[in-house]
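What follows is one structure encoded as structure tokens, with my remarks underneath.
So that the names make sense, note that chain A is the first sequence line, chain B the second, and so on, each numbered from 1.
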Amino acid sequence: MIDTKELKSRYDEIKKNIADRYMNVDLDAIIAIQDERYKVLQETEALRAKRNETAAKMKGKLDADARAALIEEGKSIKTELAEKEARLSTLDQEFNEAARTIPNYASPDAPVGKEDKDSLAIKFVGEPPKFNFKAKDHVELGESLDLLDFDSGAKVSGQKFYYIKNKAVILQMALERYAMDIVVKHGFTPFITPDIAKEEILNGIGFNPRGEESNIYTIEGTGTCLVGTAEITLGGYYSNMIIPKEKLPIKMTGLSHCFRREAGGAGQYSKGLYRVHQFSKLEMFIYCTPEESEKFHKEILSIEEEIFSGLNIAYRIVDTATGDLGAPAYRKFDIEAWMPGRGENGEYGEVTSTSNCTDYQARSLNIRYKDDDGKTRFVHMLNGTAVALSRAMVAIMENYQREDGSIDIPKALIPYCGFDRIEK
RNA sequence: GGAGAGAUGUCCGAGAGGUCGAAGGAGACGGACUCGAAAUCCGUUGUAGUGCCUAGCAUUACCGAGGGUUCGAAUCCCUCUCUCUCCGCCA
């Protein structure tokens, strides 16, 4: 969350930010709760001081009457204090829940706008392939080459689950290694992370584990959830810790399964592997000082480009509009790869996303570092997709298809696959 | 899953209802001694919050987490989490 001490001093800025993001947050109501909370906090602390004072008077020897009087006084303070504390804890909870709904400050450089189409495509790389035949989509390719089995996925696990089969399995593993090698080359420490995380971590990262719109599967009765991304587990790794400054930046990359409910996510643009309940993803994560976060955000983006351009797939970079930013994000860049089977004649589809969340997550998760002046400050936290395997598979299968229905393996992946084509 | 032991400040470690924000030691920092260093000696050394007449002062909270008992809890009781040892099960 943002620094709630700034609700009044940065009032106009916060209001504008909420409006720019087309969110519905009642800042004045939150400030009213905060004022009330401070008032009750002060009253509570005054009572506690009185209780401590009364108790302190009883340390030495006292005659019976004086002692009895003090005990009576202590008892009455205790009753009064219990009421105040109950009120305070209600207010604390209300305030925290409300404050959490305030989004992070957006970068002044992020385009202002309501939705997807207001985002700016800031760079185009590569040429979409020109086929002299009607391009198939990956679902058709996958079924005819016996690589993907959505029917069995639906039967055994439900809609939007799938089996990957045969050489597609090797291709996915090759992609994993290919991306991992690039990321590790850039100094990221590799991790395989848990696929389950506690709700408090989810909340700290900015995911809402509950409610109708939640994209998260919760595991009933355990206080835990299936992770939607390794961002959650990598970001929770240093929760409640103070990191020595010389250890920054910390660069981690984590491979995990990702589980998403995707309620209501059906339709033509969610077809096949594009939007599924479970996929694997290699995620990059950086903890750094505030001064360096914009620099590292660019670095993550450039690694994402290196991975996709190395596969020789056309893509564009999108600078996400304020209305489409997740609440924790200060700025977000997406890479959209060309997908020949998407829409009528091919379209760009999102394959990676990188966000600079500044100190928004760090404040909720209490992740700090000790600065040169000895003060502890919140770190900045950034995340970015190295490769979302299911979507990268869509892009590869569709871009590398041949007229006879076979699929070439991108040159960079051949050494990892051990074959150069998938055919019947 | 069963039985037992444990969790205290940067680290080690004492503490067993009030004299405990917490002994002692280590470390770090400052100083003395020294040409300099080591050794020795002296001193300082947690975090977060709130208020105010805001380089400060006052006050609150924090001894794994959350509850409870009590006028008063690091200390007593309950629940939970984690760590260690042994047994069981298991990839």
Side-chain angles (χ1 to χ4, degrees), chain A residues 1-9 30-100 192-204 209 218-225 233 236-248 255-257 359-379:
Chain A
M1 59 178 151
I2 64 166
D3 185 351
T4 54
K5 274 180 281 189
E6 298 180 339
L7 294 187
K8 285 176 182 168
S9 60
I30 296 171
I31 291 175
I33 299 172
Q34 187 179 40
D35 286 344
E36 176 69 9
R37 183 186 164 272
Y38 279 154
K39 195 182 127 230
V40 175
L41 176 66
Q42 280 160 39
E43 291 165 359
T44 307
E45 290 194 347
L47 268 177
R48 284 180 184 153
K50 211 163 129 196
R51 175 199 62 194
N52 293 345
E53 198 185 318
T54 309
K57 281 183 198 159
M58 267 182 277
K59 280 177 188 170
K61 279 182 190 153
L62 287 174
D63 64 69
D65 283 356
R67 177 166 292 269
L70 283 170
I71 287 177
E72 272 319 301
E73 194 186 339
K75 279 187 175 169
S76 93
I77 292 171
K78 191 176 166 176
T79 318
E80 205 182 336
L81 186 57
E83 280 169 37
K84 284 284 179 217
E85 283 181 335
R87 174 87 185 116
L88 182 62
S89 111
T90 310
L91 283 168
D92 268 344
Q93 205 178 327
E94 270 178 42
F95 179 68
N96 279 329
E97 273 171 33
R100 226 174 251 298
I192 293 176
T193 61
D195 289 334
I196 288 176
K198 295 181 182 173
E199 282 186 20
E200 66 203 64
I201 302 290
L202 276 281
N203 272 319
T218 57
I219 305 173
E220 263 336 298
T222 62
T224 60
C225 309
T233 43
Y237 194 85
Y238 285 98
S239 61
N240 289 317
M241 304 238 285
I242 297 175
I243 303 170
K245 192 183 181 188
E246 58 273 17
K247 284 187 96 176
L248 298 174
L255 179 66
S256 80
H257 291 114
D359 59 0
Y360 192 84
Q361 298 171 325
R363 188 170 288 105
S364 305
L365 291 167
N366 193 27
I367 305 177
R368 295 168 297 168
Y369 72 100
K370 217 175 246 315
D371 214 338
D372 297 329
D373 57 6
K375 285 240 192 294
T376 50
R377 296 182 211 285
F378 291 109
V379 297

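Between A/Arg363 atom CZ and B/A48 atom P the separation is 13 Å, expressed in whole Å. In this structure, A/Glu72 places its CD atom 12 Å from P of B/G72, rounding to the nearest Å. When rounded to the nearest whole Å, the span between CZ of A/Arg48 and C1' of B/A73 equals 15 Å. What separates CD of A/Glu85 from P of B/G67 is a distance of 10 Å, to the nearest Å. Taking atom OH of residue A/Tyr38 and atom P of nucleotide B/U60, one finds them 19 Å apart after rounding to whole Å. Taking atom CZ on A/Arg368 and atom C1' on B/G46, their separation rounds to 11 Å, with Å as the unit. Taking atom CD on A/Glu246 and atom C1' on B/U10, their separation rounds to 13 Å, with Å as the unit. The interatomic distance linking A/Asp92 (CG) with B/G49 (P) rounds to 14 Å, in whole Å.
Across the P atoms, B/G17 and B/G13 are found 23 Å apart, a figure rounded to whole Å. A distance of about 27 Å separates the C1' atoms of B/G64 and B/U59, rounded to the whole Å. Atom P of B/G30 sits at a distance of 15 Å from the matching atom of B/A39, rounded to the whole Å. Between the C1' atoms of B/C78 and B/A73, the separation comes to 15 Å (whole Å). Between the C1' atoms of B/A65 and B/C52, the separation comes to 34 Å (whole Å). Nucleotides B/G43 and B/G56 have their P atoms positioned 23 Å apart, rounded to a whole Å. On the P atoms, B/A74 is 7 Å away from B/C63, given to the nearest whole Å. Comparing B/C20 with B/C80, their P atoms are spaced 34 Å from each other, to the whole Å.
Under the Watson-Crick and G-U wobble criteria, each requiring two contacts below 3.5 Å, nucleotide B/U34 is left unpaired. The base-pairing partner of B/G15, taking Watson-Crick or G-U wobble contacts with both distances under 3.5 Å, is B/U8. The partner of B/U45 is B/G27, judged by Watson-Crick or G-U wobble contacts that both fall below 3.5 Å. In this structure, B/C52 forms a base pair with B/G56, meeting either the Watson-Crick or the G-U wobble geometry with both donor-acceptor distances under 3.5 Å. The pairing partner recorded for B/C20 is none, the criterion being a Watson-Crick or G-U wobble arrangement whose two distances lie under 3.5 angstrom. Nucleotide B/U70 forms no Watson-Crick or G-U wobble pair with any nucleotide shown, as no partner meets the under 3.5 Å limit on both distances. The pairing partner recorded for B/U85 is B/A3, the criterion being a Watson-Crick or G-U wobble arrangement whose two distances lie under 3.5 angstrom. For B/U75, there is no paired base (Watson-Crick or G-U wobble, both distances below 3.5 Å).
Counting any heavy atom pair closer than 4.0 Å across all strands shown, A/Arg37 reaches no nucleic acid atom. Among the heavy atoms of the strands lying under 4.0 Å from A/Leu41 are primed sugar atoms or P, OP1, OP2 only; no base atom is included. Looking at heavy-atom distances under 4.0 Å, A/Thr376 makes contact with sugar-phosphate atoms alone, never a base. A/Lys78 comes within 4.0 angstrom of a nucleotide base, judged by non-hydrogen atoms across all strands. A/Lys39 comes within contact range of no nucleotide atom at all, as no heavy-atom separation falls under 4.0 Å.
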For this session: Show your working on salt bridge (charged side-chain N to carboxylate O under 4.0 Å, His left out) between A/Glu94 and A/Arg37 and close with a plain yes or no.
Result: CA-CA 9 Å; A/Glu94 270 178 42; A/Arg37 183 186 164 272; over 6 Å; no
For this session: Quick one: do A/Arg87 and A/Glu36 satisfy salt bridge (charged side-chain N to carboxylate O under 4.0 Å, His left out)? Show the steps, please.
Result: CA-CA 10 Å; A/Arg87 174 87 185 116; A/Glu36 176 69 9; 3.3 Å; yes
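Between A/Lys5 and B/G49 there is a side-chain polar atom (N or O) within less than 4.0 angstrom of OP1 or OP2.
Side-chain proximity of A/Gln42 to B/G51, B/G49, B/C71: nearest is B/G51.
For the pair A/His257 and A/Asp195, the tightest heavy-atom approach, listed with the atom from each and the gap, is ND1-OD2, 2.8 Å. Closest non-hydrogen pair, A/Leu70 versus A/Thr54, comes out as O-CG2, 3.7 Å. Considering all non-hydrogen atoms of both residues, A/Val379 and A/Leu248 come closest at CG1-CD1, 4.2 Å. A/Ile196 approaches A/Ile219 most closely through the heavy-atom pair CD1-CD1, 3.6 Å.
With the nearest nucleotide of RNA chain B identified for both A/Lys370 and A/Asn52, A/Lys370 has the one nearer the 5' end. Across the interface with RNA chain B, nearest-nucleotide mapping of A/Arg51 and A/Ala56 shows A/Ala56 to be the residue nearer the 5′ end.
Rounded to the nearest 0.5 Å, atoms CG (A/Leu81) and NZ (A/Lys84) are 10.0 Å apart.
Interface remark: the A/Glu45 side chain does not form any donor-acceptor pair with the B/G51 base, using a distance-only criterion of under 3.5 Å.
Annotation: A/Tyr237, atom OH; neighbour count of heavy atoms from other residues, nucleotides and ligands within 6.0 Å does not exceed 12.
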